[in-house]
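Predicted, not measured: the structure shown is a model, and the values here were computed from it. These numbers come from the heavy atoms of this one structure, side chains and all, not from hydrogens, waters or symmetry mates. FYI, the numbering just counts along the sequence from 1. Just so you know, ligand 1 is whichever comes first in the structure, and atom 1 is the first atom listed for that ligand.
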Amino acid sequence: MTTSSNRRLAVPVLLALAAAAVLLLPATPAAAGQASGSDEVTFTKHIVPILQRSCQSCHRPNSLAPMSLITYDEVRPWARSIKNRTALRNRMGAMPPWFLEKDVGIQAIKEDMSLTEQEITAIARWVDNGAPRGNPDDLPPPLEFAGPGEWEMGEPDLVVVGPSASRDADQPDWWGALPAVETGLTEDRYVKTVQVKEVGDSARTIGGRFIFHHAFFALIDEDGNQLDNGDWPTIHDMRNNPRGYTFDPEAGRFVPGNSRLQWDDVHLHSNGEDTTAHLEIAFQFHPRGYEPTKRIGRIGFGTADIDVLPNRDGQVRHFYQTLQQNVKLTMYAPHMHAAGVRMCLEAIWGGRVETLNCAGYDHNWLRYYRYEEDAMPLLPKGTILHGIGYFDSTAANPNVIDPRNWTGFGHRAVDNMLLVLAPAFILTDEEFEAEMAARRERLQLSEGDTVIGCPLCGFEELPGQPARPAADQQ
Ligand code: HEC
């Protein structure tokens, strides 16, 4: 690429995309919040659709939540607690555990399980009104779930079973690598979707007990080389990928034939019961002959300079990173530890400062917010990313074990972290321009429109401005 116009702009940031995104949200079945007067909110008509969409993926047998929320008899005893937890919205302890703030930043997020204001109001009205059951004929058909031994993502092409690991009820944490295992794959293939499960020996069907706090894996080829495969976003965390993770169709991940798979970065954590468990990883492949056309990398940055004072709310820490390449971010993945309660990420380019996202943080839930295709931030090299972490080390934060302690950076949950991790496409200048052009077209942008996360999208040419330096001069 030679030159293109300088697009350093000082236009105020408008919330154009946010407004558009609201229109794109699917209509929710529970329009109950709008029900007026005689229109009673009932379990069968209004509450079940909410539970099906936002709660039952976890609140059902063979999953991780402490109780099932499927039948009326199961739900009724929890009515008041449901009202309280849903009213927390994006704050710590909220249900569903989804903490993205809705009044700022990019809102078009895949698999968004959050509740609308109408739904939260409907739940509150239902509970305050004695949680009536309603007409059984109003019940929607029940959801079907994968049984034990089945995969939510569908039939896999390959399952690799990892080695067992154990933790006694009260053992300290363990970090390390587990022995590599053969994948059993005899030819090179590219992965379309991947899902990881922890399979334990516990007989529980409700409120599963896990010992794998997290686990990363690596693939090792026939010659013993560890592959650099960009980032597999499958840090094992059951709560994050309950339905598996589907890669961008143009960026499938490579698994060589005759390779081995190693869980090489594992953190085990006791759960209060003696437990033995292993990880199973399932792959669905692209058809033979498929070749990826995009490169995926990982944006990961943060700071280890975190000094959190004891017993104090409202502590704020900042961190910065200048992008050396053009990137397309695929998700917002804030990572903190126990004292963390909120993180925001800003993109600074030229004179523009825009908040990409803010999210509450609850260290019981490591959430990723995956952007819809046309909402993925397209950030030119030179963009400064600015992260802002908020800490509360008082007893009001239930994740803090002892508010009297000073804490610094470290790997234990009681130490602190402050970083952003995300698979990102690394784009050449040509690819970057092409991505922006395609987005302008799809979103029907006019010259001068502002789009959060794409500082240059609204500007094809700015006449009279000095040229942006070509890539090879930088
Ligand atoms: C991603 C999994 C997940 C989803 C989705 C989810 N929950 Fe939960 N829920 C949990 C887990 C795990 C717990 C136990 C830990 C805790 O209390 O935070 C829990 C706890 C609760 C509790 C407190 C139970 C107690 O012991 O007091 C309530 C009430 C609740 N959930 C309601 C809901 C409702 C209502 C929804 C949907 C609007 C929902 N949850 C969505 C996993 C989930």
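- Between E111 and R367, no side-chain nitrogen of the basic residue sits less than 4.0 Å from a carboxylate oxygen of the acidic one, so the salt-bridge criterion is not met.
- The proximity of P97 to ligand 1, defined as any non-hydrogen pair under 4.0 Å, is limited to the side chain.
- The salt bridge (charged side-chain N to carboxylate O under 4.0 Å, His left out) search around R133 returns D73, not counting sequence neighbours.
- Residue S81 approaches ligand 1 through these ligand atoms, each under 4.0 Å from one of its heavy atoms: 23 (C), 27 (O), 29 (C).
- Assignment of N364 to the shell around ligand 1 is not supported, since no heavy atom sits closer than 4.0 Å.
- Within the cation-pi definition used here (under 6.0 Å to the ring centroid, within 45° of the axis), R189 does not qualify as a partner of Y290.
- Scanning for ring-ring contact (aromatic ring centres under 6.0 Å, His included) contacts around Y320 gives H386, with sequence neighbours left out.
- Atoms of ligand 1 found under 4.0 Å from any heavy atom of S54 (numbered from 1 in listed order, with element): 5 (C), 37 (C), 41 (C).
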message: Under the criterion side-chain hydrogen bond (donor to acceptor under 3.5 Å, both in side chains), I'd like the reasoning laid out for W98 against D112: C-alpha separation, chi angles, the key distance, then a yes or no.
response: CA-CA 8 Å; W98 184 270; D112 184 346; 3.3 Å; yes
task: Go through the steps to decide whether E117 and R89 satisfy the test side-chain contact (heavy atoms from CB on, under 4.5 Å), and finish with yes or no.
output: CA-CA 9 Å; E117 282 303 306; R89 294 178 170 80; 2.8 Å; yes
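- Between E74 and S68, the side chains place a donor N or O and an acceptor N or O closer than 3.5 Å (distance only, hydrogens not considered).
- In terms of polar-atom proximity, T86 is not counted as a contact of ligand 1, lacking any N or O under 3.5 Å from an N or O of the ligand.
- In this structure, C55 and C58 have their SG atoms no less than 2.5 Å from one another.
- Near L64, with a cut-off below 4.0 Å to any heavy atom, the atoms of ligand 1 are 12 (C).
- The M113 neighbourhood of ligand 1 comprises atoms 5 (C), with distances under 4.0 Å to a heavy atom of that residue.
- Set against the non-hydrogen atoms of P96, the atoms of ligand 1 under 4.0 Å away are 38 (C), 41 (C).
- Every atom of ligand 1 is numbered from 1 in the order shown, and the set under 4.0 Å from a heavy atom of P66 is 11 (C), 13 (C), 14 (C), 19 (C).
- Judged by distance alone, the side chains of D305 and T303 never bring a donor and an acceptor atom under 3.5 Å apart.
- Take the N/O/S atoms of H59: the one nearest atom 8 (Fe) of ligand 1 is NE2.
- Between M67 and ligand 1 there is a heavy-atom distance shorter than 4.0 Å.
- Heavy atoms of W98 stay at 4.0 angstrom or farther from ligand 1.
- Listed by atom number, the atoms of ligand 1 under 4.0 Å from C58 heavy atoms are 1 (C), 2 (C), 3 (C), 4 (C), 5 (C), 42 (C), 43 (C).
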